[in-house]
Participant: 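Provided herewith is a single structure, encoded as structure tokens, for subsequent inquiry.
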2 protein chains.
Amino acid sequence: MSGSTPKSKDRHQEILDAAARVITDRGLAETRISDIAEEAGVSPGLILYYFDSKDRLLSEALTYANDQFYLRMSREIRRIPSARDQLRRLVDLSVPGLLPEYGRLDEWALWIEVWVRALRDPEMAKDREFLDQRWRGQIADIVRGGQASGEFTSEETAEELALRLASMIDGLAIQVIMEDSQVTPEHMRRTCMDVAARELGFALEPVAT
Amino acid sequence: MSGSTPKSKDRHQEILDAAARVITDRGLAETRISDIAEEAGVSPGLILYYFDSKDRLLSEALTYANDQFYLRMSREIRRIPSARDQLRRLVDLSVPGLLPEYGRLDEWALWIEVWVRALRDPEMAKDREFLDQRWRGQIADIVRGGQASGEFTSEETAEELALRLASMIDGLAIQVIMEDSQVTPEHMRRTCMDVAARELGFALEPVAT
DNA sequence: CCCGCGTTTGAACGGCGGGTCAAGCCGAGC
DNA sequence: GCTCGGCTTGACCCGCCGTTCAAACGCGGG
């Protein structure tokens, strides 16, 4: 499998991967350099041989992980023909824990860490703005496609509609990842599609069950 | 004014207030006991005389601050007669930095800290669920009122509508507090009311400017 | 076979900060 | 005015962790 041979690829990347994994399940605040080293199967010293400081490593790891997620999702969506189906897939991929195949615990946990950090760290703030706008851009592209093909009848700008959908998804995902008893993954999925249908102007086919 | 005499009120509360202030502008991760002590004008030792540990203090401070915000908003909204105006006011109060009179930097910064912490701390998770549900409950009450009075024509349950509005507000508030260049406070306000009008079923009066 | 250099190790350092504590302060009650 | 007990102080302790560093490792080239 990928990355099984010890010294194969880029150590840099191996460490970023390990860091992302550790942050995801311990949380940024509880992440020690030694944890990352252990996860990566190397000595603590080596971490600082490849990165200038813990802070830089953590920031890089956060954006790196979000990058991965974006690329995976983007690649997958591009090959879906219908805008409505693209949207449905995007929503499914965004619901924490809906599709067990994807992601470890959850990319959303990392997003929240990014937000906290971006509040005080200008470097992270810049990265965050880029990531968030790219995320909305992805949605806007889908919307534009749907408007062009006539699947969506709304006359609002794609950017405004994308902002609404992205905000909705963000807000709901937070509740889901927190395991709020009133907001299940399935509930989030339905709510997102409901609102999308009304905002974009398309009909939800009647759902079974 | 309130709290000006040194030993007047409850030290407990004074410390919680100070803690909330420090967390708001330094961030949870950069908050030291000595910072809180300094902010409260007492010695570091005293902090741990009143609280068992730093962790407990921080958790209490977070929920305390959110409590304050909720109570203030709740009290104010209760005296507004029209449901539509209640909603408008709730939105205005929720937009970070829209009304300079209220709040220090922003209650939203604290929310994000709560979320991060709730991901790993079961105690905080419980508090968070309570706070979030109360927040949605507040919105649901407004919605119910509007449905009863005929101001809102949507037939959806108040709970579902409240979830949608709350999620939308959360998602947008995050972007605003991050100072995303594409999401200004004013933009958030308009978007919230737009979506609310469509979801709840009421007409926005024509806006000046 | 040996050299040299990039990589890797893990022991050691140093500072930071949470938590402890013995000692003072001060007001209330006698 | 004295004593008692709750408040308050700030110096101190101690473990933790980011960072440094000297030494070892191992591979490719000569």
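Keep in mind that what you see is a predicted model, and the values were worked out from it rather than measured. Letters go in sequence order (proteins before strands), and every chain restarts at 1.
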Participant: Side chains of A/His187 and B/Glu160: do they bring a donor and an acceptor to under 3.5 Å?
Facilitator: yes
Participant: From CZ of A/Arg32 over to P of C/dG10, roughly how many Å is that when rounded to an integer?
Facilitator: 21 Å
Participant: Under 4.0 Å, counting only non-hydrogen atoms across every strand here, what does B/Ile33 touch: a base, just sugar-phosphate, or nothing?
Facilitator: sugar-phosphate
Participant: Check the pair A/Leu200, A/Glu156 against side chain to side chain contact (heavy atoms under 4.5 Å, CB included), reporting the backbone distance first and the verdict last.
Facilitator: CA-CA 8 Å; A/Leu200 299 178; A/Glu156 271 284 3; over 6 Å; no
Participant: In whole angstrom, give the distance that lies between atom CG of B/Asp52 and atom P of C/dT20.
Facilitator: 10 Å
Participant: Rounded to the nearest Å, what distance is computed from the CG atom of residue A/Asp35 to the P atom of nucleotide D/dC16?
Facilitator: 13 Å
Participant: Quick check on side-chain contact (heavy atoms from CB on, under 4.5 Å): which of B/Ile112, B/Asp127, B/Asp55 does B/Arg117 satisfy it with?
Facilitator: B/Asp55
Participant: Which nucleotide sits closest to the side chain of A/Ser43: C/dT9, D/dT8, D/dT19?
Facilitator: C/dT9
Participant: Rounded to the nearest Å, what distance is computed from the CZ atom of residue B/Arg56 to the C1' atom of nucleotide C/dG18?
Facilitator: 15 Å
Participant: Without decimals, in angstroms, what is the distance between A/Ile47 CD1 and D/dC17 P?
Facilitator: 15 Å
Participant: Using modelled atom types and a 3.5 Å cut-off, is there a donor and acceptor pairing between side-chain atoms of A/Asp85 and backbone atoms of A/Ser82?
Facilitator: no
Participant: Find the distance A/Glu30:CD to D/dC16:C1' and express it as a whole number of Å.
Facilitator: 12 Å
Participant: Establish, with yes or no, whether the OP1 or OP2 oxygen of C/dT7 is under 4.0 angstrom from a side-chain nitrogen or oxygen of A/Tyr49.
Facilitator: yes
Participant: Just to confirm, is there a sub-4.0 Å distance from OP1 or OP2 of C/dT8 to any side-chain nitrogen or oxygen of A/Tyr50?
Facilitator: yes
Participant: When you check the phosphate oxygens OP1 and OP2 of C/dT8, does a side-chain N or O of A/Arg11 lie under 4.0 Å from one of them?
Facilitator: yes
Participant: Quick check for you: among C/dG17, D/dT19, C/dT20, whose closest atom lies nearest to any side-chain atom of A/Leu48?
Facilitator: D/dT19
Participant: How many whole angstroms separate atom CD of B/Glu14 from atom C1' of D/dT8?
Facilitator: 13 Å
Participant: Mind calculating the distance between CD (B/Glu38) and C1' (C/dG17) to the nearest angstrom?
Facilitator: 15 Å
Participant: I'd like to know whether B/Glu76 forms a salt bridge (Lys or Arg N to Asp or Glu O under 4.0 Å) with B/Arg89, so could you lay out the CA-CA distance, the side-chain angles of the two residues, the decisive distance to 0.1 Å, and finally the verdict.
Facilitator: CA-CA 9 Å; B/Glu76 185 177 338; B/Arg89 187 63 182 163; 2.4 Å; yes
